[in-house]
Amino acid sequence: MTENIQNILLTEQQLQKKVEELGAKISADYQGKKLLMVSVLKGSVVFMADLMRHVTIPCEIDFMSVKSYGNDTKSSGEVRITKDLDRRIEGYDLLIVEDILDSGRTLSYLRQVLFARHPASIRICTLLDKPDRREAKDVAADYVGFVIPDAFVVGYGLDYAEKYRNLPYVGIVTP
Ligand code: IMP
Ligand code: MG
């Protein structure tokens with residue numbers, strides 16, 4: 001499975017250390033708030049599962065799935081909800097947990113949809129950020145694990161054609 005991995009960008013140790021730091025920051029910032037962590041399927045499941053175990057304050061979780069049309073390595077900007085949240089979010093302090101912020105179109109759309117449901121607040125936590133590729137200029141993450149260069153990465157939840165999600169590290173895949 002690993003023969004197409006050009007090189008490892010983030011090791012398992014680097015990822016775990018960062019996730020621990022983010023969990024501590026979130027726990028401090030959301031003290032006394034009604035925290036609802038919203039994982040965007042499927043890419044963020046691994047990050048979400050690790051991150052929530054480093055959140056030391058009461059919190060709830062939920063999942064959403066969106067499909068952005070396009071080919072395997074680039075989103076077209078057209079986004080559709082394929083699985084919605086199970087609950088009303090009014091009054092909740094939402095933390096959207098994403099795998100990667102690329103063009104920003106997915107999160108721009110998602111944030112707009114969720115804002116209309118009157119949560120108390122919305123913040124974005126992304127493991128990876130590729131700022132060079134940003135198109136939606138209104139989107140920035142409040143918590144960022146790693147800023148990475150413009151390369152297609154896989155592992156730790158991220159896929160290429162649904163493969164490689166189970167790698168414990170983040171690597172650059174051969175085009
Ligand atoms: P955006 O709407 O362009 O920001 O796209 C975000 C989504 O595109 C992410 O949630 C990923 O599913 C996917 N994506 C963007 N860049 C990569 C990458 O380098 N590897 C794997 N998936 C990616
Ligand atoms: Mg994704």
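Whatever order the structure lists ligands and atoms in, that order sets their numbers, starting from 1. Side-chain atoms are counted along with the backbone in the values below, which use heavy atoms only and exclude waters and symmetry mates. Along the sequence shown, the residues carry numbers beginning at 1.
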Show me the side-chain donor-acceptor pairs of residues 28-39 shorter than 3.5 Å, one per line, residues at least two apart or across chains.
residue, atom, partner, partner atom, Å
Asp29, OD2, Tyr143, OH, 2.6
Ser39, OG, Ser44, OG, 2.8

| task | Would you mind telling me if ligand 1 is within reach of the side chain of Val40, the backbone, both or neither, using heavy atoms under 4.0 Å? | result | neither
| said: Can you name the atoms of ligand 1, numbered from 1 with element, that are less than 4.0 Å from a heavy atom of Asp102? | reply: 1 (P), 3 (O), 4 (O), 5 (O), 15 (C), 16 (N)
Atom pairs and distances, side-chain donor-acceptor, residues 146-156, under 3.5 Å, sequence neighbours left out:
residue, atom, partner, partner atom, Å
Tyr156, OH, Asp50, OD2, 2.6

| field | Other residues, nucleotides, ligands: >12 heavy atoms within 6.0 Å of Lys83 NZ | value | yes
| message | Tell me the contacting part of Glu135 for ligand 1: side chain, backbone, both, or neither, using a 4.0 Å heavy-atom threshold, strictly below. | response | neither
| Salt-bridge criterion met for Lys18 and Glu21 (N-O under 4.0 Å) | yes
| field | Region of Ala151 that comes within reach of ligand 1 [heavy atoms, distance under 4.0 Å] | value | backbone
| said: Testing the 3.5 Å rule here: is there a donor-acceptor pair between the side chains of Asn4 and Thr174? | reply: no
| Counting heavy atoms only, which of Lys130, Arg165, Arg105, Arg133 is nearest atom 19 (O) of ligand 1? | Lys130
| message | Between ligand 1 and Val79, can you find any atom pair, the residue atom being a heavy atom, that is separated by under 4.0 Å? | response | no
| message | Applying a heavy-atom cut-off of 4.0 Å, say which part of Leu158 lies close to ligand 1: side chain, backbone, both or neither. | response | side chain
| field | Part of Glu98 within contact of ligand 1 (heavy atoms, under 4.0 Å) | value | side chain
| request: List every atom of ligand 1 that sits less than 4.0 Å from any heavy atom of Thr106, numbering the atoms from 1 in the order shown and giving each element. | output: 1 (P), 2 (O), 5 (O), 6 (C)
| said: Side chains of Glu60 and Tyr92 only: does a donor on one sit below 3.5 Å from an acceptor on the other? | reply: yes
